[in-house]
Structure formats: structure tokens, C-alpha cells
Amino acid sequence: MFEARHTMDAPTTTSTDDDGAVGGGWFTPPLSSPEGEPSAEPSVVAPGGSGETLGHRVPPQRGAPPRQEASPDAVRVRDTMAEIRPIADKVTSYFYALLFVRHPELRSLFPAAMDTQRERLLKALLTAAEHIDNTPVLVGYLQNLGRGHRKFGTRAEYYPAVGECLIGALSRYASGSWSPETEAAWVRTYTTMSQVMIDAAATDELRAPAWWHAEVVTHEPRTADVAVLTVRPEQPYPYLAGQYAAMETPWWPRVWRHYSFASAPRSDGLLTFHVKAVPAGWVSNALVHRARPGDVVRLGPPGGSMTVDHTRDNGLLCLGGGTGIAPIKALVEDIADRGARRPVEVYYGARTDHDLYDLDTLLRLRQSHPWLTVRAVVDQRARIQLPDALRGRGPWTDYDAYVSGPPGMIRNGVHALRDAGVPAHRIRHDSVEDLVVVGC
């Protein structure tokens, strides 16, 4: 039962693309930024990079406290995951085969095409296994998934069926590490995790709908593959600048992708998203090339922790690449709306001048707010990538940093920020998979 997020030129953290988001029911990790860019579930990056591939680990922060000794259950769970990792495709295919044969009534909860769904299972399991002894991180992750699964129609009685088939698949393919003790450890682990998700969903049901219908009111193409969409929810939609939402289109039922909000909350209740169409991106291509005013989409609940702490008055250092500039702009508007005069430095990266599709908006904000600095970094012109533009500048030791963009950019951006003196606990970006590769 895992669903993930994150959103941009490639899967990421804030405006996610089909490659970096989820669709379907259980076992789909949160968005690396939301679609086309996290989505994903955002995390404060005391841990490290972003959008990392599972096999590429980010060096731990210097001076980080040693990790506590793993519990016996955690050891057995991790041993199982290590054994099945090389054959993950077989394990996940067998899991879904068991689920749909034994419980055919659950098939309707999943998208017609299961390729992406299968790929997300192992990543979600790795996230849970990696943090099985880190209760705050694991519980927060599972609570987000439990709330997010409401939009798929997931009910509490479905969880035992999923657990049964999961253990069936693991026991078949993890023969080297499987034993009665290992099975008992997985039963205890899954029971605990599923209960956290069930409780979170039940609590959320009392205060918010599972999804919101929203009508497209404007559709503005900015480049050949980027569009800015503004939608009007049928009822108030509460969110914070820097967060994102999962979106489902009428053309691809049960396929959800994450996109960051491109503005701070507005008095008229309208929501704006930046979407980049990517190759084979079902949702992103539909939104960029097919959606028109009057179409109705569905929105899941807001997620993400890439938000501003307004109890502080320190500066903000923001790196936005591609459509990852969307949540950065929302953060700037959030500061402006509160009348604050905190120094904010924005680095807006793109491959070409043409890709700086929202630069004029940021420059207008700069004209109205002297505390804002905007710097454009164009790869082809400057012959450097966005994170490299930080080198030699600063100091930013007292700044909070925000990074949004494709996974590679986020990973390099985090390293550059650390090199520039920004403490790791002050670096934020939306990508739950970071928790997997870094381990805090």
C-alpha cells in the first residue's frame, strides 16, 4: 500500500511527469516532485540529494549521528529486500498476478496499463524497509500514503488482501532469506504499517473529500511542450505555497500525476499549474496538448513540505529548473503576500533562453519587491548548469534553501548548496525517494 510523489523535464519534485509520478492503487511511491518534474513526497533535505536512482547513494552529512542498531525485524525485512532487488520485476509481476487472481474485485482500482505501477512497488518497499526503525520518518511517510490512497477508492478491508499477496510473492522469490521468523517479521511490519495508513485515511475522511473536481478555466501554451493551466475547484481547496497535488484527467482514469502549485493561495480560489509534456507522458501530454477550458480534472489532497517557515526572518535561496520554477514562484508570492522583506534570491535554470518561459513574471515581481533578486542561468549560453552558478557566491549560511527541478538537477543542487555553506537541515525539496537513498 504505498503511493508516492514528486514533477518536470524528467521525473522530479514539483511539477511531476509521468515518469516521476504514480498511478493506480497500492505500492506507488510519492512523487519525486510532482509530473514531468517530483514529485512526490517532499522532504526536508537534511538527508541529501533528490530524485536519486536507487543504486546511487548520496554521501551522508558530515557529523551526522551514527545510526542506531537495527531491530531484528528490520534486519529480516532488509535482508529480504536485498535478495529480491535484482529480480524486482518478477516479484512485482507475481504480486499483482496473485492480487488480481485471488481478489479480482480490486483490479478496477488500478490503471489499465500496469508498467509504471509495477516499477514503483520496489521503490516503495525500499523506502519503508530503509526507515523501519525511524518511527517519525516512516509514520509521516505512511500517513501521507494513507491519505493519498483515498482518491483511488482504497478501503480498510483491502489491506489484508494486499498483505497476503505481498508475503506470497516475497516468500516465493526470497527463498534464500525466507524463514518462519522472516515471515513473522513481515506480518508484524505490514500489519503495523497498514494500520498507520488506515488510521490516517479515517482521520482525513472526517475533514476533507478524497478528491476535488476542478474545471479548467484557462490553458496557456508557453512553449511547444509547456502549458500553464488554471483550474477552479468545485469547493475550497486549502494548500500552502510550495506544495503540490496529484491530478487525474478524464482521458486516463485512475492515472494520477503530481504537479506543484504555481502561485500562493489566491482570494478567488483558482489554482495554477505548470505542466511539461514528456515522451510517453500520458497525463502531461493530455494536459499540454489536449486539455481546454471547460474540461474537468480531479485533484487529490495537497502534499509536500517545501513550504516557508514564517516564524523566521532569514533569507531564502531558491533554485528552480524547468517547470520546477512553479513552486519557487509560489514561495516568492507567499513572502510578498505577507508583507515580509526577507531577502530572497532566485536562480532560474533552463537549457535555452526559450525555456525561460516564466522569467517575465519573476522580473515583474522583482520590480515590485526590492528584497527579491532573480538570476537566469541558461546552459547553452553560460556553458554551466544551474547548480554551478552558485559557486563563488554567497555566503548563505543563514539562508533556507529550496530546490525544484529534474532529479539530477536537485541532486547536484543539494551538493552545491552544501558546498556553499547552507546547512543540510535548511535544504528543502520535494522527493520522497531521497529518504530511500540517503537514510537520515
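Remember, predicted model here, so these are calculated numbers, not experimental data.
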**Fill in**
In terms of heavy-atom contacts, Y348 and L362 come closest through CD2-CD1, 3.7 Å
**Request:** Check whether the ring centres of Y347 and Y402 lie less than 6.0 Å apart, and answer yes or no.
**Result:** no
**Prompt:** With the threshold set at 4.0 Å, does a side-chain nitrogen-carboxylate oxygen contact exist between E248 and R254?
**Reply:** no
**Prompt:** Please walk me through it: do T189 and D73 pass side-chain hydrogen bond (donor to acceptor under 3.5 Å, both in side chains)?
**Reply:** CA-CA 8 Å; T189 298; D73 279 2; 4.6 Å; no
**Message:** How long is the straight-line distance from CZ of R366 back to CH2 of W371, given to the nearest 0.5 Å?
**Reply:** 12.5 Å
**Asked** Roughly how far, to the nearest 0.5 Å, is the CD1 atom of I132 from the OG1 atom of T192?
**Response** 8.5 Å
**Request:** Could you tell me the separation between the CE atom of M306 and the OG atom of S260, rounded to the nearest 0.5 Å?
**Result:** 6.0 Å
**Prompt:** What is the distance from atom CG of L417 to atom CG of L319, rounded to the nearest 0.5 Å?
**Reply:** 5.5 Å
**salt bridge (charged side-chain N to carboxylate O under 4.0 Å, His left out) contacts touching residues 216-229 (sequence neighbours left out)** = E220-R222, R222-D358, D225-K276
**Asked** Is any side-chain N of the basic residue among R364 and D360 closer than 4.0 Å to the acidic one's carboxylate O?
**Response** no
**Pair Y244 and Y259, ring centroids less than 6.0 Å apart** = no
**Request:** Among R426, R342, E345, find the one that has a side-chain contact (heavy atoms from CB on, under 4.5 Å) with Y399.
**Result:** E345
**Message:** So, applying side-chain contact (heavy atoms from CB on, under 4.5 Å) with V403, which one of I427, L317, N412 is it?
**Reply:** I427
**Message:** Any salt bridge linking R428 with D400? Criterion: basic side-chain nitrogen under 4.0 Å from a carboxylate oxygen.
**Reply:** no
**Request:** Calculate, to the nearest 0.5 Å, the distance between atoms OH and CH2 belonging to Y237 and W211 respectively.
**Result:** 14.0 Å
**Prompt:** Would a 4.5 Å heavy-atom cut-off, applied to side chains only, mark I335 and L372 as touching?
**Reply:** no
**Message:** Within the 4.5 Å heavy-atom criterion, are E83 and Y173 side-chain neighbours or not?
**Reply:** no
